[in-house]
Chemist: 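Dumping the structure here so I can ask a few things about it.
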Amino acid sequence: CEGEPGGGTGFLGRTLTRLLKSRGHDVTVVSRQPGEEQITWGNLEANGLPPCDAVVNLAGENILNPLRRWNEDFKNEVVSSRLKTTKILARAISEMDTPPRVWVLVTGVGYYPPSQTAEYTEDSPGGDSDFLSCLARDWEAIARLPANLKCPTRQVVVRSGVILGKDGGAISQMIWPFRFGLGGPIGSGCQYFPWIHVADMAGVITYAMETEAVHGVLNGVAPSTVTNAEFAQSFALVLRRPAFIPLPEFAVNAVFGRERGVILLEGQKVIPKRTLATGYKFSFPDLSSALKDIVS
Ligand code: NDP
């Protein structure tokens with residue numbers, strides 16, 4: 001079985017590639033750079049996709065890069081790196097004589113409006129509240145394949161929470177302040193913090209690829225929900241450090257800008273209702289076991 005992850009060189013892509021290979025699949029990564037077992041986006045646009053059974057898109061400029069100012073240029077990069085790559089893959093799939101059996105797109109739980117009271121499942125409405133939610137809506141829309149394909153391709157969208165793992169993502173940005181005892185809740189700390197262990201995120205994608213009955217939207221979040229303050233407490237506890245020093249809202253807005261600061265200062269209580277109903281078994285359903293695995 002062959003698969004093609006766009007963005008396969010990134011934090012999630014590396015874990016997914018390892019998991020797919022360990023299960024006997026061949027993997028070709030689509031990247032901006034040429035390389036071994038890689039094709040470039042330009043190559044793909046010119047020659048189409050090689051024969052494959054599954055396509056996954058994980059490509060996208062890192063929204064929370066603290067070194068990039070939140071201005072129109074950066075916002076355009078954040079949007080176009082997701083929409084353009086998704087459009088290229090969707091078009092390539094729809095032009096194949098024998099298209100892949102499954103097409104998986106990873107977006108974000110930012111699709112749902114931030115709230116401290118609402119509870120969201122895959123059936124909840126969203127996609128119209130702020131920058132991130134409109135981005136997720138447009139991203140998912142551009143991925144949709146025409147209905148009249150010769151061999152229909154199963155379509156899956158995984159709306160991911162904050163992905164936690166050893167070698168990238170949010171943990172790599174937070175671990176040093178927490179190790180020095182300088183960690184704490186962000187803003188009020190009351191906002192929900194939808195999270196998933198990177199092994200489970202790769203697991204959900206792989207399960208969706210391999211299970212014919214899975215289609216449509218899945219929430220890529222762990223079943224146990226926590227607030228940001230509870231996350232900070234648990235992270236500090238596994239590191240055996242205090243978590244007293246809050247990161248105030250004004251500091252977050254100063255570094256990230258108000259529109260982007262929403263990602264850290266607000267959150268959603270997201271339930272993986274359909275993901276659990278598919279039969280997927282989480283390896284790390286609770287935060288404490290996930291964090292112990294990550295810092296071990
Ligand atoms: P990374 O930032 O680690 O990697 C994404 C990959 O995207 C990179 O390896 C890079 O591949 C490619 N990329 C980066 N910038 C651009 C660009 N301007 N144009 C085209 N390609 C680009 O992301 P993650 O692995 O953390 O996340 C994967 C996906 O999941 C992303 O779409 C992200 O939005 C989404 N997601 C991630 C979450 C998280 O907590 N990490 C939470 C929710 C959603 P290359 O250099 O090879 O071209």
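Residue indices begin at 1 and follow the sequence shown. Heavy-atom basis, side chains included; hydrogens, waters and symmetry copies ignored. Whatever order the structure lists them in is the order used to number ligands and atoms, beginning at 1.
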Chemist: Applying a strict 4.0 Å limit to heavy atoms, is Gly161 in contact with ligand 1?
Modeler: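 Distance cut 4.0 Å: Gly161 passes for ligand 1.
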Chemist: Can Ile245 be reached from Val252 by stepping across I, L, V, M, F, W or Y side chains whose heavy atoms are under 4.5 Å apart?
Modeler: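 Shared cluster, no.
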Chemist: Please list the nearest protein heavy atom to atom 28 (C) of ligand 1 with its residue and the distance rounded to 0.1 Å.
Modeler: Leu58 O, 3.2 Å
Chemist: Please write down residue, atom name and distance for the protein heavy atom closest to atom 25 (O) of ligand 1.
Modeler: Leu12 N, 2.9 Å
Chemist: So that I can tick it off, tell me whether Glu45 and Lys84 are bridged by a salt bridge, with the cut-off set at under 4.0 angstrom between side-chain N and carboxylate O.
Modeler: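 Glu45 and Lys84: not salt-bridged.
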Chemist: Would you mind running through ligand 1 and noting each atom that sits below 4.0 Å from a heavy atom of Ser160?
Modeler: 42 (C), 43 (C), 44 (C)
Chemist: Give the residue, atom name and distance (to 0.1 Å) of the protein heavy atom nearest atom 9 (O) of ligand 1.
Modeler: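 The answer is Thr9 OG1, 2.8 Å.
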Chemist: If you count the atoms of ligand 1 from 1 in the order shown, which ones are under 4.0 Å from a heavy atom of Val162?
Modeler: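 With Val162 as reference, the close atoms of ligand 1 come out as 40 (O).
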Chemist: Testing the basics here: between Thr121 and Asn219, what is the closest heavy-atom pair and its distance to 0.1 Å?
Modeler: C-ND2, 3.5 Å
Chemist: When rounded to the nearest 0.5 angstrom, what is the spacing between CD1 in Ile205 and CG in Leu19?
Modeler: 9.5 Å
Chemist: Out of Gln38, Arg32, Arg14, Gln33, who is nearest to atom 20 (C) of ligand 1 when you count heavy atoms only?
Modeler: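 Among Gln38, Arg32, Arg14, Gln33, the closest heavy atom to atom 20 (C) of ligand 1 comes from Arg32.
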Chemist: Taking N or O atoms only and a 3.5 Å limit, does Glu61 qualify as a polar contact for ligand 1?
Modeler: yes
Chemist: Arg241 side chain to Leu239 main-chain N or O, any donor-acceptor pair under 3.5 Å?
Modeler: yes
Chemist: When you compare the side chain of Tyr120 with that of Ser115, does any pair of heavy atoms fall below 4.5 Å?
Modeler: yes
Chemist: Below 4.5 Å, heavy atoms only, C-beta onward: do Arg154 and Val214 meet side chain to side chain?
Modeler: yes
Chemist: Tell me whether atom 23 (O) of ligand 1 lies less than 4.0 Å from at least one protein heavy-atom position.
Modeler: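 Within 4.0 Å of atom 23 (O) of ligand 1, no protein heavy atoms are found.
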Chemist: Over all heavy atoms of both residues, which pair between Glu119 and Ser124 is shortest? Give the atoms and the distance, please.
Modeler: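 For Glu119 and Ser124, the tightest heavy-atom pair comes out as O-OG, 4.1 Å.
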Chemist: What is the closest protein heavy atom to atom 26 (O) of ligand 1, and at what distance does it sit?
Modeler: Phe11 CD2, 3.7 Å
Chemist: At a 4.0 Å threshold, what atoms of ligand 1 neighbour a non-hydrogen atom of Arg82?
Modeler: 33 (C), 34 (O)
Chemist: Out of Gly108, Pro5, Gly10, whose heavy atom sits nearest atom 4 (O) of ligand 1?
Modeler: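 It is Gly10 whose heavy atom sits nearest to atom 4 (O) of ligand 1.
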Chemist: Using a heavy-atom cut-off of under 4.0 Å, does the side chain or the backbone of Lys84 touch ligand 1, or both, or neither?
Modeler: neither
Chemist: Taking both backbone and side-chain atoms of Gly169, is any N or O found less than 3.5 Å from an N or O belonging to ligand 1?
Modeler: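 No; every N/O pair is 3.5 Å or more apart.
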Chemist: Among protein heavy atoms, which sits nearest to atom 38 (C) of ligand 1, and what does the distance come to when rounded to 0.1 Å?
Modeler: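 Here the nearest protein heavy atom works out to Ile163 CD1, 3.6 Å.
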Chemist: Verify the ring-centre separation between Phe282 and Tyr280: is it less than 6.0 angstrom?
Modeler: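 Between Phe282 and Tyr280, which both carry aromatic rings, the centre distance is below 6.0 Å.
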Chemist: Among Gly60, Gly168, Ser31, which residue places a heavy atom closest to atom 2 (O) of ligand 1?
Modeler: Gly60
Chemist: Would you please classify the geometry between the Phe235 ring and the Phe178 ring as parallel, tilted or perpendicular, with 30° and 60° separating the classes?
Modeler: tilted
Chemist: Does a salt bridge link Glu140 with Arg159, judged by any charged N lying under 4.0 Å from a carboxylate O?
Modeler: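 The answer is yes: the pair qualifies as a salt bridge.
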Chemist: Determine whether the side chain, the backbone, both or neither of Thr107 has a heavy atom under 4.0 Å from any heavy atom of ligand 1.
Modeler: backbone
Chemist: May I ask you to identify the nearest protein heavy atom to atom 35 (C) of ligand 1, giving residue, atom name and distance to one decimal place in Å?
Modeler: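 Here the closest protein heavy atom is Val106 CG1, 4.1 Å.
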Chemist: Determine whether the aromatic ring centres of Phe284 and Trp195 lie less than 6.0 Å apart.
Modeler: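 Between Trp195 and Phe284, which both carry aromatic rings, the centre distance is not below 6.0 Å.
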Chemist: If we set the cut-off at 4.0 Å for heavy atoms, which region of Trp139 has an atom near ligand 1: side chain, backbone, both, or neither?
Modeler: side chain
Chemist: So which protein heavy atom does atom 19 (N) of ligand 1 come closest to, and at what separation?
Modeler: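 So the nearest neighbour among protein heavy atoms is Ser81 CB, 3.4 Å.
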